[in-house]
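Chain A is the first sequence line, chain B the second, and so forth, proteins listed ahead of strands; every chain is numbered from 1. Atom set for the values below is all heavy atoms of this structure, side chains included, hydrogens, waters and symmetry mates excluded.
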Number of protein chains: 2
Amino acid sequence: MAPDLLSRLRARNWRLSSQRRVVAEVFVGDHVHLTAEGVHQRARKSLPEISRATVYNTLNELVAMGELLELDVIDGPKRYDPNVGDEHDHLVCDSCHAIRDVPRSRKPSMIPEGTRAGYVVTGVEITYRGLCPECAERRSRNR
Amino acid sequence: MAPDLLSRLRARNWRLSSQRRVVAEVFVGDHVHLTAEGVHQRARKSLPEISRATVYNTLNELVAMGELLELDVIDGPKRYDPNVGDEHDHLVCDSCHAIRDVPRSRKPSMIPEGTRAGYVVTGVEITYRGLCPECAERRSRNR
DNA sequence: TTTACTGCAAACCGTTTGCAGTTCC
DNA sequence: GGAACTGCAAACGGTTTGCAGTAAA
C-alpha cells in the first residue's frame with residue numbers, strides 16, 4: 001500500500017506548518033469528496049484559527065503537487081479527491097449530488113485515429129450519472 | 001437531419017422575443033463551445049442593447065429545455081454546446097483549452113455490477129484530455 | 001389585455017490576492 | 001536570518017436576482 005499523504009509530504013520536504021498538517025490530516029485514509037468549505041470546517045475542529053485563504057492556498061498546492069485531484073463533476077464549488085493512487089472514475093447522483101469513486105474496470109476505448117483531429121491524447125475522464133439508491137427509492141415512492 | 005434550433009423552439013411555442021431569437025441564432029449550424037460572455041458578444045452584433053442578464057436567463061432556459069448542453073470540462077466559465085442531437089464526447093486541450101466534439105464510437109463499457117453501489121446509472125460522460133496539434137507542436141519546438 | 005420577458009444594478013458565491021506580521025528551518 | 005507561510009480584508013470573475021418597465025400573444 002502507498003504511504004499516506006502526510007508521509008509523502010514529509011518525504012518531499014514540504015514545509016510543514018500546523019495549518020498545512022491539519023489540512024492534510026483531513027484527507028488521510030478517507031475517500032470523501034469535500035469542498036474547500038468542508039475542508040475548512042473540518043480543519044477548524046483541530047485548529048480553530050485557520051483561515052479560509054490558507055485552506056485554499058494549501059489545497060491548490062496539493063493539487064499542483066499531484067497529491068489531490070480537483071473534481072468539477074457537479075456544479076457549485078470544486079471537490080477535492082485524495083484518491084490519487086489508482087485510476088478511477090466517478091459515479092454522481094443527479095439528485096443529491098453524492099459522488100462515489102468507481103475502480104476503472106478495463107482500459108477505456110481510445111478515440112479512433114480518424115476523429116482524433118491531430119490531438120495528442122494523454123488521459124480520459126469518465127463520469128457516470130444516475131441516481132443513488134436513496135434517491136432512486138424516494139423517486140419511485142413519490143410517483 | 002434534425003430541424004434547427006429556431007424551428008424547434010417555434011414548435012414548442014416558445015415566446016420569441018428579439019433577444020431570444022438572437023441568442024438562438026448564435027448557435028445555428030455551429031459546433032462551437034461558447035461561454036456566456038462569448039454568446040453575449042456575438043448576440044450584440046445583431047442587437048447591441050441585449051443585456052448580459054437576458055443572455056444568462058436565455059441560456060439557462062435553453063439548457064433546461066434540453067436544447068443546449070452545459071459543459072464544465074475546463075475551469076473558468078461554463079461553455080454551451082448546441083450539439084444535442086448525437087451523443088458525443090469531448091476532447092480538450094490542456095494547454096489552450098480548445099474543445100472538440102468527438103463522435104462516440106462504440107458504447108462505453110458499463111460499470112461492473114458489483115461496484116455500482118446500488119446506483120441507477122442513466123448516462124456516461126467521457127472527456128479526453130491532451131494537446132491540440134498547435135500546442136503539441138509548439139511544445140516540442142520549445143524543448 | 002394580460003402574461004411573460006427585459007434591463008439595470010446590486011447582490012451573490014466561490015476563489016484569489018496584496019500586504020503586514022509570523023513561523024519554520 | 002531569511003525565505004516562506006499565515007491571516008485579514010478587499011477584490012475578483014462569473015452568475016443570479018429584485019424590481020420597474022416593456023413587449024409578445
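Between the base of C/dC24 and the side chain of A/Arg15 there is a donor-acceptor pair shorter than 3.5 Å.
Among the protein residues, A/Glu37 comes within range of no part of the nucleic acid, since none of its heavy atoms lies under 4.0 Å from any strand. Using a 4.0 Å heavy-atom criterion, one finds that B/Arg20 contacts the sugar-phosphate atoms exclusively. Within 4.0 Å of A/Asn57, counting heavy atoms only, lies at least one base atom of the nucleic acid.
Residues A/Thr54 and A/Asn57 have side chains that never bring a donor and an acceptor to within less than 3.5 angstrom of each other. Side-chain contact, B/His31 with B/Asp81: no donor N or O sits under 3.5 Å from an acceptor N or O.
Protein atom CG of A/Asp72 is 14 Å distant from nucleotide atom P of D/dG14, rounded to whole Å. Between the CZ atom of A/Arg21 and the P atom of D/dT6 there is a distance of 11 Å, given to the nearest Å. To the nearest angstrom, P of C/dA4 lies 16 Å from CG of B/Leu16. Computed from coordinates, the A/Leu47 CG to C/dT22 C1' distance equals 14 Å when rounded to whole Å. Note: NE2 (B/His40) to P (D/dG14) measures 14 Å, nearest angstrom. Straight-line distance from the CG atom of A/Leu9 to the P atom of D/dC5: 13 Å, rounded to whole Å. Rounded to whole Å, atom C1' of D/dG7 lies 10 Å from atom CD1 of A/Ile50.
Annotation: salt bridge (charged side-chain N to carboxylate O under 4.0 Å, His left out) contacts of A/Glu67 (sequence neighbours excluded): A/Arg8, A/Arg12.
For the pair B/Ser17 and D/dA24, the criterion of a side-chain N or O lying under 4.0 Å from OP1 or OP2 is not met. In this structure, B/Asn60 reaches the D/dT16 phosphate: one of its side-chain N or O atoms is under 4.0 Å from OP1 or OP2. For D/dG7, the OP1/OP2 oxygens have a side-chain nitrogen or oxygen of A/Gln19 closer than 4.0 Å. Proximity of A/Tyr56 to the phosphate of C/dT15: a side-chain N or O atom is located under 4.0 Å from OP1 or OP2.
In this structure, the side chains of A/Glu137 and A/Leu131 stay at 4.5 Å or more apart for every pair of heavy atoms.
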Donor-acceptor pairs under 3.5 Å, side chain of residues 111-120 of chain A to any protein atom, not counting sequence neighbours: which ones?
{"from": "A/Thr115", "atom 1": "OG1", "to": "A/Pro112", "atom 2": "O", "distance (Å)": "3.1"}
{"from": "A/Arg116", "atom 1": "NE", "to": "A/Ile111", "atom 2": "O", "distance (Å)": "3.4"}
{"from": "A/Arg116", "atom 1": "NH2", "to": "A/Ile111", "atom 2": "O", "distance (Å)": "3.0"}

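Direction of the helix axis in the helix from C/dT1-D/dA25 to C/dC25-D/dG1 shifts by 40° between the two five-pair termini, rounded to 10°.
Nearest-nucleotide mapping onto DNA chain D: of B/Trp14 and B/Tyr80, the residue sitting toward the 5' end is B/Tyr80. A residue-by-residue look at B/Thr35 and A/Thr54 shows that A/Thr54 has its nearest nucleotide of DNA chain D further toward the 5' end.
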